[in-house]
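Here's the structure, in structure tokens; my notes come after.
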Amino acid sequence: MSLDVVPSLLFFLFVFGASHACLQDPAEAYRFTGAVSRLTYPAAVVLNEKTTKVIEAAFQHARYPSVKGETSLFLIGTVLYGLENLEIHNLSIGQSAVELHPGEGFSLEITNVSAVFKGRLQYGYDNWLVSVEHSIDFEIESQIDLGIHLKLYCGEGKVAADTSDCFLHFHKLNLHLQGDKEPNWLKKLFTDFITFTVKLRVKGQICKEINKVANILADFIQERAEQFLSDGDISVDIGVSAAPVITANYVETYHKGLSSYRNVSTVINKTVFHPSQLTEHKMLYIWISDQILSPMFTAAHHDARFQLNISGAELSELFKTNLSSTMPAYFRKCLLESGSPQLRVWSSSVPYLHTSTSGTNVRGMASAQLHCGGAGAPTLSFQAEVHMDITVSYADKKVFLQSNRSEVHVLQADFSSQNQPHLDQAQLDFIREAVEKIGIPKVLSVFETEVTRLLDAQGTYLFDIFSPEVLPQEGFTVIQMDFGFPHHLLVEFLRRTLQ
């Protein structure tokens, strides 16, 4: 069947994407919001455990330009100096902590960052008596605390992260020249302005690099999210409809969720979201309106995604299911005596979808043709209207679909041969029962496999998802879960960053 439907910074930026405009009033934006993501403080704590890898990448990826200057010293005269090839070595990070700031953003406090900066010092002095030029390798042992106050705002059509409020506090900054750990006149002479210059350069470049990394993260996650929600001609616009809301307990973001099929987009303007529909006892909540799901079903129908072909032994095995209706003779003959029986099923109308507390109600028309060997006309053609309530669950990295209630009405059934009599009521009853007890479970089983496969293709199986729940409500669905951050995303991001 065809169903082609990183730390702290990383996950906070996960839900940020392009948008035409951001409404200033969240309550007003609710009407235009197709999906909502709420990340609670426990999730931020877990994600913060990965933050050190991103900070390490910022330190290691930073490039420190050469510095040249001069100073005047008593008795010596003008001293010219230059710092070149400044690099970082032996980087280690002690611990980090995250804190949410209501109405603003969040802060990251990184403590006990130890690093050795190595480079080459060019110096010379010139006076009335002598002119000297030298170069010498140096290294600086340092211990630093790093603070980042990241503000989230809505600008340039997307939610953006401002990391300009960034500071470094140096607890230790010891200069060594050519590996000599002992004080000497040269070290005493240059220590003050070398360490001062290094402080300025390191702070400027590290904070600049962190801001750059944040932008790379935004692009990286946007790309991943777009890939996750796009397949062929079907895509979903995850652009934001309002700036995020930040409390002491969670970060909540609002997304348009406009489905697009062959560059024609849907419109969402009357969804029913309210913050009270989500709680705070799980790490992650995803709120999805029917106004996202229904257009996706429509697009999949128009793209001929809902088709199923079953043939041969698989088809014969399915009809070994015990039914209360008697199997018609022609049907039994087709399954048992023809060389290659085949059943083709497809959706013949746009499915209708509505979610309530009993599940997601799906109504639609299904058409089918039964071929009993050969490429000629089908032996039997019929059309049925199907209603069913479906509940969704996720366990052991697989999607499960359960039909809680179903109704089947056979609207039309015909033999292709003019010599065949019309179907009587007993034959129609058999078709109805076969669709309900064989067809629906088979279709749901195929859906389960296909949706799981699509999720796996996007790397969902790499997440450690704990106690996931899919809760159908009136007009929307809430997905809530705890999780472990997937290491592969961090590795992929760092690989791209360090290229």
Side-chain angles (χ1 to χ4, degrees), residues 1-7 10-11 13-15 17 35 37 39 43 46-47 50 217 219-238 255 257 259-261 282-288 292-293 295-297 299-301 303-310 314 353 360 362 390-403 440-472 477-496:
M1 181 178 187
S2 176
L3 184 63
D4 301 336
V5 224
V6 216
L10 187 70
F11 221 87
L13 290 168
F14 172 78
V15 289
S37 172
L39 188 74
V46 170
L47 295 170
K50 303 292 184 180
L217 276 168
D219 294 340
F220 173 77
I221 294 304
Q222 172 67 14
E223 291 174 10
R224 292 301 300 257
E226 288 177 352
Q227 293 171 7
F228 192 88
L229 296 172
S230 301
D231 186 75
D233 292 328
I234 301 174
S235 62
V236 177
D237 178 4
I238 61 169
H255 307 269
S259 299
S260 177
Y261 177 62
K282 293 283 189 178
M283 294 170 62
L284 176 65
Y285 295 82
I286 301 174
W287 183 98
I288 304 175
I292 286 184
L293 299 178
M296 291 181 69
F297 268 66
H301 165 78
D303 207 44
R305 304 295 183 95
F306 300 142
Q307 299 185 23
L308 176 62
N309 294 323
I310 309 173
E314 181 185 7
L353 180 148
T360 299
V362 179
I390 302 172
T391 54
V392 184
S393 60
Y394 185 83
D396 299 325
K397 303 187 183 297
K398 296 179 182 179
V399 174
F400 296 92
L401 304 175
Q402 176 68 43
S403 176
I440 290 176
K442 177 60 179 178
V443 168
L444 292 181
S445 174
V446 173
F447 263 84
E448 290 174 345
T449 302
E450 289 295 311
V451 174
T452 299
R453 181 185 62 81
L454 289 172
L455 292 176
D456 286 348
Q458 301 300 336
T460 306
Y461 71 97
L462 295 170
F463 283 77
D464 293 324
I465 297 177
F466 308 109
S467 305
E469 297 178 83
V470 182
L471 307 176
T477 300
V478 174
I479 303 171
Q480 57 188 40
M481 69 189 77
D482 295 325
F483 65 88
F485 188 81
H487 185 68
H488 85 286
L489 274 183
L490 181 62
V491 171
E492 183 177 344
F493 164 71
L494 294 177
R495 175 184 56 79
R496 179 182 298 192

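Residues L39 and M283 form no side-chain contact, since every pair of their non-hydrogen atoms from C-beta on lies 4.5 Å or further apart. Contact annotation: the side chain of T391 never approaches that of T360 to less than 4.5 Å [non-hydrogen atoms, C-beta and beyond]. Looking at heavy atoms from C-beta onward, I479 lies in side-chain contact with I288 at the 4.5 angstrom threshold. Residues S260 and I234 are not in side-chain contact: their nearest non-hydrogen atoms beyond the backbone lie 4.5 Å or more apart. For the pair L284/Q480, no side-chain contact is recorded, criterion being any heavy-atom separation below 4.5 Å from C-beta on. H301 places none of its side-chain heavy atoms less than 4.5 Å from the side chain of M296.
Heavy-atom minimum distance, I292 versus G257: CG1-O, 3.2 Å. Taking each heavy atom of S259 and V236 in turn, the nearest pair found is OG-CG2, 4.2 Å. Across all non-hydrogen atoms, the minimal contact from A299 to Y261 is CB-CB, 3.8 Å.
Proximity of a side-chain donor or acceptor of K442 to a complementary backbone N or O of I310 within less than 3.5 Å is not detected. Put simply, the side chain of K397 gets close to the backbone of Y461: a donor and an acceptor are under 3.5 Å apart.
Remark: F400 engages S393, A395, K398, E448 in a side chain to side chain contact (heavy atoms under 4.5 Å, CB included) (not counting sequence neighbours). By the side chain to side chain contact (heavy atoms under 4.5 Å, CB included) test, V399 pairs with V392, Y394, L401, V451, T452, L455, sequence neighbours left out.
Here the CD1-CZ distance, from I465 to F483, works out to 9.5 Å after rounding to the nearest 0.5 Å. Going from atom CD1 of I286 over to atom NE2 of H255 covers 9.0 Å, rounded to the nearest 0.5 Å. Taking CE from M481 and CG from D464, the interatomic distance works out to 12.5 Å, rounded to the nearest 0.5 Å. To the nearest 0.5 angstrom, I390 atom CD1 is 10.0 Å from Q402 atom CD. In this structure, CD1 on I440 lies 13.5 Å from OG on S445, to the nearest 0.5 angstrom.
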